[in-house]
Amino acid sequence: MVGDPEISFAVPPKSFNPAPKVTSAILNLRLTGNKYQDVIFDHQLFDQVVNAGFKQRRKTIYNNLKQAFGAKGKSPEDIKLILKNANIPENYRAEQLTINDFIRLTNCVQLR
């Protein structure tokens with residue numbers, strides 16, 4: 001299931017104990033079905049790519065994919081080529097990618 005997120009309102013740090021150093025937010029997620037269904041070849045692989053991308057938050061997408069797919073026979077050169085074909089810079093982090101980036105990335109992983 002896919003949804004469109006929207007920030008409902010901000011929650012100030014003083015609302016928590018101990019107070020964090022950031023402002024939080026309440027999200028409203030409007031479920032929209034899977035509008036990307038026709039463009040993803042392999043939904044299970046899509047989940048694996050997204051999970052790998054966010055596995056270690058401070059690592060780059062390249063390092064996370066190298067770690068996740070290296071055990072599945074993908075070499076570092078394969079990962080670089082996959083990212084190049086998906087038009088995603090190696091130094092990006094998962095949070096910088098859009099859902100369309102992850103779709104392209106998944107499709108490139110599958111084709112490689």
Problem set entry | Minimum heavy-atom distance between Glu95 and Phe54, given as atom pair plus value | N-CE2, 3.8 Å

Exercise. Looking at Gln96 and Asp101, what are the two nearest heavy atoms and their distance?
Worked result: O-OD2, 4.3 Å

Interatomic distance, [X] atom [atom1] to [Y] atom [atom2] [nearest 0.5 angstrom]:
{"X": "Ile82", "Y": "Arg104", "atom1": "CD1", "atom2": "CZ", "result": "14.0 Å"}
{"X": "Asn51", "Y": "Lys55", "atom1": "CG", "atom2": "NZ", "result": "8.0 Å"}
{"X": "Phe46", "Y": "Ile99", "atom1": "CZ", "atom2": "CD1", "result": "4.5 Å"}
{"X": "Arg93", "Y": "Arg57", "atom1": "CZ", "atom2": "CZ", "result": "9.0 Å"}
{"X": "Leu45", "Y": "Phe69", "atom1": "CG", "atom2": "CZ", "result": "5.5 Å"}
{"X": "Asn64", "Y": "Ile79", "atom1": "CG", "atom2": "CD1", "result": "11.0 Å"}

Exercise. Do Leu65 and Leu105 come within less than 4.5 Å of each other through their side chains, counting heavy atoms only?
Worked result: yes

For this session: Verify the neighbour count for atom OH of Tyr92: are there more than 12 heavy atoms of other residues, nucleotides or ligands below 6.0 Å?
Result: no

For this session: Kindly check if the number of other-residue, nucleotide or ligand heavy atoms within 6.0 Å of CD (Gln44) is above 12?
Result: no

Distance-only check: which donor-acceptor pairs under 3.5 Å involve side-chain atoms of residues 5-25, not counting sequence neighbours?
unit_1	atom_1	unit_2	atom_2	d
Glu6	OE1	Arg30	NH2	2.8
Ser15	OG	Pro12	O	3.2

